[in-house]
Number of protein chains: 2
Amino acid sequence: MTNTDRDRVSAAPSSPEPGALRPTRQRTAVTEALGTVADFRSAQEIHDLIAGHGEKVGLATVYRTLAALADAGVVDVLRTEEGEAVYRRCATTRHHHHLVCRTCGATEEIEGPAVEDWAGAIGRTFGYADISHELELFGTCPKCAGAP
Amino acid sequence: MTNTDRDRVSAAPSSPEPGALRPTRQRTAVTEALGTVADFRSAQEIHDLIAGHGEKVGLATVYRTLAALADAGVVDVLRTEEGEAVYRRCATTRHHHHLVCRTCGATEEIEGPAVEDWAGAIGRTFGYADISHELELFGTCPKCAGAP
DNA sequence: ACACGAGTGAGAATGGTTTTCAAAAGCAGG
DNA sequence: CCTGCTTTTGAAAACCATTCTCACTCGTGT
């Protein structure tokens, strides 16, 4: 139920393409805010970011927009230890993972073909189909390790 | 306050080792409930499970006990897509991962020394210290693939 | 049995996220 | 520039998992 499942009415006189989002001031503000930061941010932080920039966008709209973007694969979502959702616009839309500094939040995008293969092999071993996986690394970045 | 000052005991008589949990009816109920299921369950589901068994344990206590068990490494915790925490008593307390059927929730415990090494190597490459990682596989188990 | 701290539970509080719904904005055609 | 239709928005309320509060009970060592 967390899906952005809109009922696309086929009776629409001249309905455009399905799934086409209307470009609005608010949505622009969200994507721009995402562009100004390099690490994962919560919806509320993004909301504050926009506010600090002078614009005013409702929190609900930020959540909606973020969900839509995540849905479209434009942003990556992951959950903090506490279960809070954090978002980040990634350089690539391709499948990849992250190495996140648990102190400052700095993030590196990483790929691991070996892991992908390994996951597939494990799946086959157990007879599981349609294997997918979630993998995130956490650590302390050089900067934070140097100056605690 | 009627301070019966005779207990000037600096070495508290009744606080021996830290981390020693007192065995109570409630805690037994929780661990037993965990023993009757093979897959990951939410705190509330476990609470219901206990209730269905005739026992009555407060939800808050279930949460507390689960947290303690997770803390002790006796149960594994992971987050569902929606951010809900789910718990499972695993066969081993050693570090491992899971292959979870996304249809029926059946779970296999898996180990991947190669992945551990890979994670460490990645960390070193980027100069990150104290590398840890979260990894879960999802798929469709043979049973569910056969009879949808 | 006694005392005292750990453990418990009902309900309130928290806090992130979603929903509601009426008003505002977009879009296409007249 | 109007008109009718749909999408989007936002403030506040609803939701819901989880945690906290606090008076009370239980387990344990003496």
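Each chain gets a letter, A, B and so on, in the order the sequences are listed, and its residues count up from 1.
- Look at A:Glu109 and A:Arg94 and you find no salt bridge, because none of the NZ, NE, NH1 or NH2 atoms lies under 4.0 Å from a carboxylate O.
- Between B:His97 and A:Trp118, the ring planes are perpendicular. Angles over 60° get that label, and only those under 30° would be called parallel.
- A 6.0 Å sphere centred on NE2 of A:His53 holds no more than 12 heavy atoms belonging to other residues, nucleotides or ligands.
- Atom CG in A:Leu66 sits about 13 Å away from atom P in D:dT9, given to the nearest Å.
- If you take CZ of B:Arg25 and C1' of D:dG27, they are 14 Å apart, rounded to a whole angstrom.
- Remark: A:Thr24 is not in phosphate contact with D:dT8, judged by side-chain N or O atoms under 4.0 Å from OP1 or OP2.
- In terms of position on DNA chain D, the residue among A:Ala60 and B:Ala43 whose nearest nucleotide sits closer to the 5' end is A:Ala60.
- Protein atom CD of B:Glu55 is 12 Å distant from nucleotide atom P of C:dT8, rounded to whole Å.
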Margin query: Could you walk me through whether A:Cys104 and A:Lys143 satisfy the side-chain contact (heavy atoms from CB on, under 4.5 Å) test, starting with their C-alpha distance in whole Å, then the side-chain angles of each, then the deciding distance to 0.1 Å, before giving a yes or no?
Written below: CA-CA 9 Å; A:Cys104 70; A:Lys143 209 175 301 176; 5.9 Å; no
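- Between the CG atom of A:Leu59 and the C1' atom of D:dA14 there is a distance of 15 Å, given to the nearest Å.
- Across all strands shown, A:Glu82 has no heavy atoms under 4.0 Å from either base or sugar-phosphate atoms.
- Each of A:Tyr63 and B:Arg64 was matched to the nucleotide of DNA chain C holding its nearest heavy atom; the match closer to the 5' end belongs to B:Arg64.
- If you take NE2 of B:His47 and P of D:dT19, they are 15 Å apart, rounded to a whole angstrom.
- The distance between atom NZ of A:Lys56 and atom C1' of D:dT9, rounded to the nearest whole Å, is 10 Å.
- For C:dT8, the OP1/OP2 oxygens have a side-chain nitrogen or oxygen of B:Arg27 closer than 4.0 Å.
- To the nearest angstrom, P of D:dT9 lies 11 Å from CD1 of A:Ile50.
- Phosphate contact (OP1/OP2 of C:dG7, side-chain N/O of B:Gln26, threshold under 4.0 Å): absent.
- Closest to the side chain of B:Arg22, from the set D:dC20, D:dT6, C:dG5, is C:dG5.
- Taking a cutoff of 4.0 Å between a charged side-chain nitrogen and a carboxylate oxygen, A:Arg79 and A:Glu84 do not qualify as a salt bridge.
- Between A:Glu45 atom CD and C:dG15 atom C1' there is a gap of 14 Å when expressed in whole angstrom units.
- For C:dG16, the OP1/OP2 oxygens have no side-chain nitrogen or oxygen of B:Arg79 closer than 4.0 Å.
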